[in-house]
Amino acid sequence: MTSLTEKRAPRTHDQKHKIRGKVQRREHLTGWLFVGPFGVVFLAFLIAPLAYALYLSLFQKKLIGGTSFVLFDNYVKAFTDPSFLSGAWFVVRFALVAIPVQIAVALAMALILDAVTSLFTRFSRLMIFLPYAIPTVIGAVMWGFLYSRSFGPLSDVFGLFGATAPDFLSSSLIFYGLLNIVTWQWAGYYMIILYAALQGIDPTLYEAARMDGAGRWQVARRIKIPLIAPALILILVFSLIGTLQFFNEPQFLRYLAAGTIGSDFTPNMYAYQQAFGLANFNYGSAISFALGGLVFICVYAFLFFTRKRRSFL
Amino acid sequence: MAEHPNISAGHRRPQRHLPLQILLGFLVIYFLVPFWWVIVNSSKDAPGLFGGGNSLWFADQIDYLGNLRQLFTHDGGIYVRWILNSTLYALAGGIGATVLAVMAGYGFAKYRFAARRFSFAVVLGALMVPATALVIPTFIMFAKLGLTNTVWAVILPSLLNPFGVYLMHVYARDAVPDEILDAARVDGAGEMRTFLQVALPLMRPAVVTVLLLSAVASWNNYFLPLAMLSDNRLFPVTVGLGLWQGVASANNAGGTSLWSLIILGSLVSVIPLIIAFFSLQRHWRGGLSVGGLR
């Protein structure tokens, strides 16, 4: 591409200067024309709702006396509300288990698919990615059917061995039931991102390592994984953001797991319940905003600890 | 692991590694089990579903056509409407978000304008904002404008895709050389024409990726339409199936026939996206690596 311009007759300094100046004058305006439409949407559907949620969260609506300014009372209430706290504790606990599991599975699959090439691996790559094309709620309901006592296969399968089937929709096992669903749903997507990054590594590096006597495992551990660290961090951040705002799967499974998943199961479900179930928009906004703050803190703490590896932001 | 000093052709050479392939085989089975269950069980009617037959095999009498007819005619054909609504939301939201993201990403990458660094930093910060935190305030804003319970309530917020802007920025920065743009300008092309005819073709893989990601996000969206819509004729298929689930489990006696519709409905609803992904495979795979590699 550069050779194209190099082939042209060299421009005089004056000409270049003229072009530069003209371009620079236009740049401010044109730049904003390109960014502007997105900017409008950004202001209208991100900045404005955020500001509005903050504003709403500072008020309280009472049966007597109407709406009044209460400053941070809603937040004090949220952080002493057992419903919010137990939901927040659940998503944090869930994130600590689910994210490493998802990424370990995705990384293992990506390494296998990168190292072994056959028709079958190409087929596997697509099949493993398939769940990403499924809406999360549909994925949840499909697994819900599989877990279900009334029409799932688990009791048949365990019956073969004379064992009772675990009930993944019961309150003691729902954690693992959901863990399986999110792993199934997202591991393939993360695998594709990691696989793409692995394919982007210069193969001569492996040659050099092999010359030095490195085995396959060492190549994977010392070359492949360090080189795709930026991709790993990217998907870690995404899964962190996604897991902390857990909503779709538990909300949808509520119908199949009656009694196990309450309306305050996760902070997002609780906010939804407050806002749309009880028309308590002020408190709902406060919970949303508190959750947003939690996500922000977790992500920034994570990025801070990995800042040496980070290059994507 | 065993070393292969004689393989000097290197890494890309086809290798079999049977144990790894067998492990992969088990993983593929795991990822396909739910699909298998849904395919098999949508061949059954309600008695077959609850009758205790083999839940991992087809019914004795396979009746897909009858079940499909039931699905498409139940409640005045509401399911077909839901699929069409989902399509509308995915296309309008996806295309709109992509146009905005491509223009903004290109603008951020190729123009030095006032407050550029600051604005881009704000967009990156927005990646961390949980989308669901915006639903409640957006709902109240829309309620005041009389926009709730309209298609706009679902489409307009879907136009926002900061990750798409980030992806396009990275891609435009690397794949569109400044020299080519300058050359086009010297040749007398306007900024818009330079963008459309010179830059856009170079950015195609990333554009397809952003389009697919935004369309999938809209198609899969559940929280936003659930909050915004109350008229079930406007529901996308995700919210619609949720409605049926609620009815089916609340009313266990009369609702059993609905379960077979929900199962078949789940199956039918995933087909369009699977087709889109497979047919566009060649295009999006190149684009996906962008976000992770830098």
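Reminder, nothing fancy here: chain letters follow the sequence lines and each chain counts from 1. Any value given below was found using the heavy atoms of this structure, including those in side chains, with hydrogens, waters and symmetry copies removed.
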Let's test your reading of the structure: which of B:Ala126, B:Pro34, B:Ala104 forms the most heavy-atom pairs below 4.5 Å with chain A?
B:Pro34

Contact leader toward chain A among B:Ala227, B:Pro137, B:Gly107, where contacts are heavy-atom pairs under 4.5 Å
B:Pro137

Which heavy atom of [X] sits nearest to which heavy atom of [Y], and what is that distance?
| X | Y | result |
| --- | --- | --- |
| B:Met141 | A:Ala44 | CE-O, 3.7 Å |
| A:Trp32 | B:Ser119 | CH2-OG, 3.7 Å |
| A:Phe45 | B:Leu134 | O-CD1, 3.7 Å |
| A:Gly284 | B:Ile136 | O-CD1, 3.9 Å |
| B:Leu213 | A:Tyr189 | CD2-OH, 4.1 Å |

Could you tell me if the ring centre of A:Phe276 sits under 6.0 Å from that of B:Phe139?
yes

Partner chain B: residue of [options] with the largest heavy-atom pair count (under 4.5 Å):
| options | answer |
| --- | --- |
| A:Val219, A:Ile128, A:Ile235 | A:Ile128 |
| A:Thr204, A:Ile112, A:Thr136 | A:Ile112 |
| A:Phe123, A:Phe296, A:Phe145, A:Phe281 | A:Phe145 |
| A:Trp143, A:Tyr300, A:Tyr55 | A:Trp143 |
| A:Ile287, A:Leu291, A:Leu194, A:Val141 | A:Val141 |
| A:Leu130, A:Val299, A:Leu56 | A:Leu130 |

Would you be so kind as to tabulate the donor-acceptor pairs closer than 3.5 Å made by side chains of residues 267-277 of chain B, with sequence neighbours excluded?
unit_1   : atom_1 : unit_2   : atom_2 : d
B:Ser269 : OG     : B:Gly265 : O      : 3.4
B:Ser269 : OG     : B:Ser266 : O      : 2.9

Which atoms of [X] are under 4.5 Å from chain A, going by heavy atoms: the side chain, the backbone, both sets, or neither?
| X | value |
| --- | --- |
| B:Tyr106 | side chain |
| B:Val123 | both |
| B:Asn221 | neither |
| B:Phe142 | side chain |
| B:Val102 | neither |

To the closest 0.5 Å, what do you measure between [atom1] ([X]) and [atom2] ([Y])?
| X | Y | atom1 | atom2 | value |
| --- | --- | --- | --- | --- |
| B:Leu20 | A:Met109 | CG | CE | 13.5 Å |
| B:Leu226 | A:Gln251 | CG | CD | 6.0 Å |
| B:Phe31 | A:Thr183 | CZ | OG1 | 8.0 Å |
| B:Asn220 | A:Ile134 | CG | CD1 | 8.5 Å |
| A:Phe38 | B:Leu160 | CZ | CG | 5.5 Å |
| B:Phe195 | A:Thr30 | CZ | OG1 | 12.5 Å |

Sequence neighbours left out, what passes side-chain contact (heavy atoms from CB on, under 4.5 Å) with A:Thr121? Give chain and number order.
A:Leu113, A:Val116, A:Ser118, B:Gln21, B:Leu24

Applying side-chain contact (heavy atoms from CB on, under 4.5 Å), name anything that partners A:Thr266, two or more places apart in sequence or on another chain.
A:Phe90, A:Val91, A:Phe246, A:Pro250, A:Asn268, A:Met269

Side chain from CB out, backbone as N, CA, C, O: work out which of these in [X] comes under 4.5 Å of a heavy atom of chain B, or both, or neither.
| X | answer |
| --- | --- |
| A:Val295 | side chain |
| A:Met211 | neither |
| A:Tyr132 | both |

B:Leu241 vs A:Val137 side-chain heavy atoms within contact, under 4.5 Å:
no

If we only count heavy atoms from C-beta on, is the B:Met103 to A:Phe34 side-chain gap below 4.5 Å?
yes

Evaluate whether atom CZ of A:Phe120 has more than 12 neighbouring non-hydrogen atoms of other residues, nucleotides or ligands under 6.0 angstrom away.
yes

Which residues in residues 46-54 of chain A have a heavy atom less than 4.5 Å from any heavy atom of chain B?
A:Leu46, A:Ala48, A:Pro49, A:Leu50, A:Tyr52, A:Ala53

Where do B:Phe163 and A:Phe238 land on the ring-ring contact (aromatic ring centres under 6.0 Å, His included) test, with the steps shown first?
CA-CA 10 Å; B:Phe163 181 64; A:Phe238 281 160; 4.9 Å; yes

Worked verdict on A:Phe252 versus B:Tyr222 for ring-ring contact (aromatic ring centres under 6.0 Å, His included):
CA-CA 10 Å; A:Phe252 229 69; B:Tyr222 176 64; 5.1 Å; yes

Which is it for A:Trp184 and B:Phe35 under the ring-ring contact (aromatic ring centres under 6.0 Å, His included) test, yes or no, and what are the steps along the way?
CA-CA 12 Å; A:Trp184 178 84; B:Phe35 295 104; 5.7 Å; yes

Quick one about B:Tyr30 and A:Asn180 (side-chain donor to acceptor, distance below 3.5 Å, no hydrogens or angles considered), yes or no?
yes

